[in-house]
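The analysis underlying the following values was restricted to heavy atoms, covering all of them including side chains, and did not include hydrogens, waters or symmetry mates. Naming convention: chains lettered A, B, ... in sequence-line order (proteins, then strands); numbering from 1 in each chain.
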There are 2 protein chains.
Amino acid sequence: MISEKTISRLTNYQTLLRQQQSMGTSHIFSHQLADLARVTPAQVRRDLMVIGYSGNPRTGYHVGDLQESLMQFFAFSTGIPTVLVGVGSLGRALLSYFMTGRSNIRILAAFDTDPVKTGRSISGCRVHPMTRLRETVADLTVTCGLITVPGTEAQKVVDALIASGIHGFVNFAPVRLKVPPTVFVENLDVTSSIEKAAFFARSYSLKTQEEQTHE
Amino acid sequence: MISEKTISRLTNYQTLLRQQQSMGTSHIFSHQLADLARVTPAQVRRDLMVIGYSGNPRTGYHVGDLQESLMQFFAFSTGIPTVLVGVGSLGRALLSYFMTGRSNIRILAAFDTDPVKTGRSISGCRVHPMTRLRETVADLTVTCGLITVPGTEAQKVVDALIASGIHGFVNFAPVRLKVPPTVFVENLDVTSSIEKAAFFARSYSLKTQEEQTHE
DNA sequence: TTCACGCTGTGACAAATTTCACAGCTAGAC
DNA sequence: GTCTAGCTGTGAAATTTGTCACAGCGTGAA
Ligand SMILES: NC(=O)c1ccc[n+]([C@@H]2O[C@H](COP(=O)([O-])OP(=O)(O)OC[C@H]3O[C@@H](n4cnc5c(N)ncnc54)[C@H](O)[C@@H]3O)[C@@H](O)[C@H]2O)c1
Ligand SMILES: NC(=O)c1ccc[n+]([C@@H]2O[C@H](COP(=O)([O-])OP(=O)(O)OC[C@H]3O[C@@H](n4cnc5c(N)ncnc54)[C@H](O)[C@@H]3O)[C@@H](O)[C@H]2O)c1
């Protein structure tokens, strides 16, 4: 079994490699990739073991080949098909970002209960009423659902999407969803992240003050 | 030293306890809180050790007292003062969400380089030009900076905020920032999270198919 | 051709994190 | 008062995650 952390780092390497390739880098050493990703060289080498790509002791990793191996490992060569539920302020921000495709993520359709929002397109993405979820999703082989509805609605929305056959979610609502073990949920709780940053900010800034006092 | 994971869970407990209290719950057992947070009861008890609050074997934890202890541990009784840099589509979504304060997070000011956006208020938050960053932040004792500028700009923005004395950041740009060890950065990379969810979605759905075949 | 340098791949080790399991306690029953 | 069921707090074990360190290899130099 392969850990979440490893997957996160591997997707990060993918992004960094794409950048490097566009800058004309043809080969890269583990310590260089490590610097970019802010991890140790040993970590990079260990992570790359799991995808089975081998580098060369003298020239390092071939950027193009490594990208190819990563692509194959993730099997996302044609982009990641997703749907978004909840076309509020956050939903619209995500649509405007991902519909002007700078990434390999494709938002194929959006859904909302509000009749004011349905029937038209936002940032080039069609917004459907929730009643049409099942039939629309069935046609699309969607890999991942983006949940941007209020917290109170999130559970029923995810239940409906699971019933339509989706196994992966990114949940922006500040609630822990209840899902079967065959479904993966990545929670992106902005509030929680700010609280975390604030906690460490305080503790780091206290540490800094102490050190200054001791000198 | 206390780990990031523990802090994340503790902030989550805080949110859940707030909800429980508003529902009239006066006491809660570790296994109940664990169910809500989707962790094990032992995990809850171990986490609560670090804040020094003790429960009662017969009645569990007193919701009000525990919240009080958490408040004191995090020292955020007056809310978390933040500033936001980059009033684009994502920045505006965050402003509209946090300025209609449902949480303890306060966005005290926003900044942008675009003269079209500066000088006015968005969702009740004043948007300043970047040139006024230093003086404005100096007046405010800000704990956390929210970075919602394009990836290419993120490093210079964070450098400027660090120079103004901010030690904590939530970074939405898809780049790894370079910061001194006295500064904490929480990266919220939406693209990366979707890729992660898509990877596990696929592997879970393959597993499901296999099991069905084996039967 | 031979050598030496500096990298990769990986077994072994170390650290961090989670879970186990149980002593000790406490409120209610009787 | 005494007993007991079922919780908490916490050492110790287990598991997960990251690092070390070095054998082995490929390349360019001589
Ligand atoms: N906006 C932010 O920056 C921000 C920040 C942190 C967290 N969040 C979270 O993200 C979620 C969305 O936030 P928002 O600010 O976009 O809210 P919003 O109120 O602007 O939008 C919510 C949208 O969901 C739709 N909706 C409601 N119930 C629905 C249902 N059952 N099915 C389908 N659609 C439904 C509404 O019609 C609306 O368009 C919330 O859970 C919020 O807590 C948002
Ligand atoms: N919008 C989304 O849903 C989304 C999703 C994933 C990631 N992101 C990331 O979040 C960031 C912002 O995204 P966005 O969609 O809001 O972009 P945007 O282009 O809509 O907004 C960026 C804002 O930053 C301002 N800006 C540019 N350079 C600046 C500087 N040096 N100092 C201060 N302000 C500056 C611009 O004027 C603009 O208002 C980007 O890094 C993007 O990759 C956004």
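For A/R45, whose side chain is taken as the heavy atoms from C-beta onward, the closest listed nucleotide among D/dT17, D/dC22, C/dC22 is D/dC22. Side-chain proximity of B/P57 to the nucleotides C/dA21, C/dT17, C/dT26 is greatest for C/dT26. The listed nucleotides are D/dC20, D/dG9, C/dG9; the one nearest the side chain of A/S54 is C/dG9. The side chain of A/T59 sits closest to D/dT27 out of C/dG11, D/dT27, D/dA21. Picking from D/dG18, D/dG26, D/dT19 the nucleotide with the shortest atom distance to the side chain of A/R9 gives D/dG18. Taking the side chain of B/N56 as heavy atoms from C-beta on, and the options C/dA27, D/dG11, D/dT17, the nearest nucleotide is C/dA27. Comparing C/dT8, D/dT10, D/dG26 against the side chain of A/Y61 picks out C/dT8 as the nearest. When the nucleotides D/dC7, C/dT18, D/dG9 are ranked by their closest atom to the side chain of B/Q43, C/dT18 comes out on top.
The distance between atom CD1 of A/I2 and atom C1' of D/dT15, rounded to the nearest whole Å, is 17 Å. Counting to the nearest Å, the C1' atom of C/dT17 and the CE atom of B/M1 are 15 Å from each other. Separating the NZ atom of B/K5 from the C1' atom of C/dA16 is a distance of 9 Å, rounded to the nearest angstrom. One can place CZ of B/R38 at 18 Å from P of C/dT18, the figure rounded to the nearest angstrom. At whole-Å resolution of the value, CG in B/L48 and P in D/dT10 are 11 Å apart. For the pair A/I7 CD1 and D/dT16 P, the interatomic distance rounds to 16 Å; values are reported in whole Å. Between the CE atom of A/M49 and the C1' atom of D/dT19 there is a distance of 14 Å, rounded to whole Å. At whole-Å resolution of the value, CD in A/E4 and C1' in C/dT18 are 15 Å apart.
Of the possible polar contacts, one joining the B/T82 side chain to the B/R106 backbone as a donor-acceptor pair under 3.5 Å is found.
Between B/H31 and A/V39, the residue anchored closer to the 5' end of DNA chain D is B/H31, taking for each the nucleotide with the nearest heavy atom.
Counting distance only, with no hydrogens placed and no angle test, the side-chain atoms of A/R58 and the base atoms of C/dC5 include a donor-acceptor pair under 3.5 Å. Taking 3.5 Å as the limit, the base of C/dT19 and the side chain of B/R46 contain a donor-acceptor pair of atoms between them.
For the pair B/T40 and C/dT19, the criterion of a side-chain N or O lying under 4.0 Å from OP1 or OP2 is met.
Around atom CZ of B/R38, more than 12 heavy atoms belonging to other residues, nucleotides or ligands sit under 6.0 Å away.
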- Evaluate the criterion ring pair (Phe, Tyr, Trp, His ring centres under 6.0 Å) for residue pair B/F73 and A/F199; output intermediate values, then yes/no. CA-CA 9 Å; B/F73 176 77; A/F199 174 82; 5.4 Å; yes

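In this structure, a donor-acceptor pair under 3.5 Å is present between the side chains of B/S96 and A/S89. Inspection of the A/S192 and B/T11 side chains reveals an N or O donor paired with an N or O acceptor under 3.5 Å.
Across all strands, A/T6 comes closer than 4.0 Å to no nucleic acid atom at all (heavy-atom distances).
Aromatic ring pairs are classed by plane angle as parallel below 30°, tilted from 30° to 60° and perpendicular above 60°; the pair A/F29 and A/H31 is parallel.
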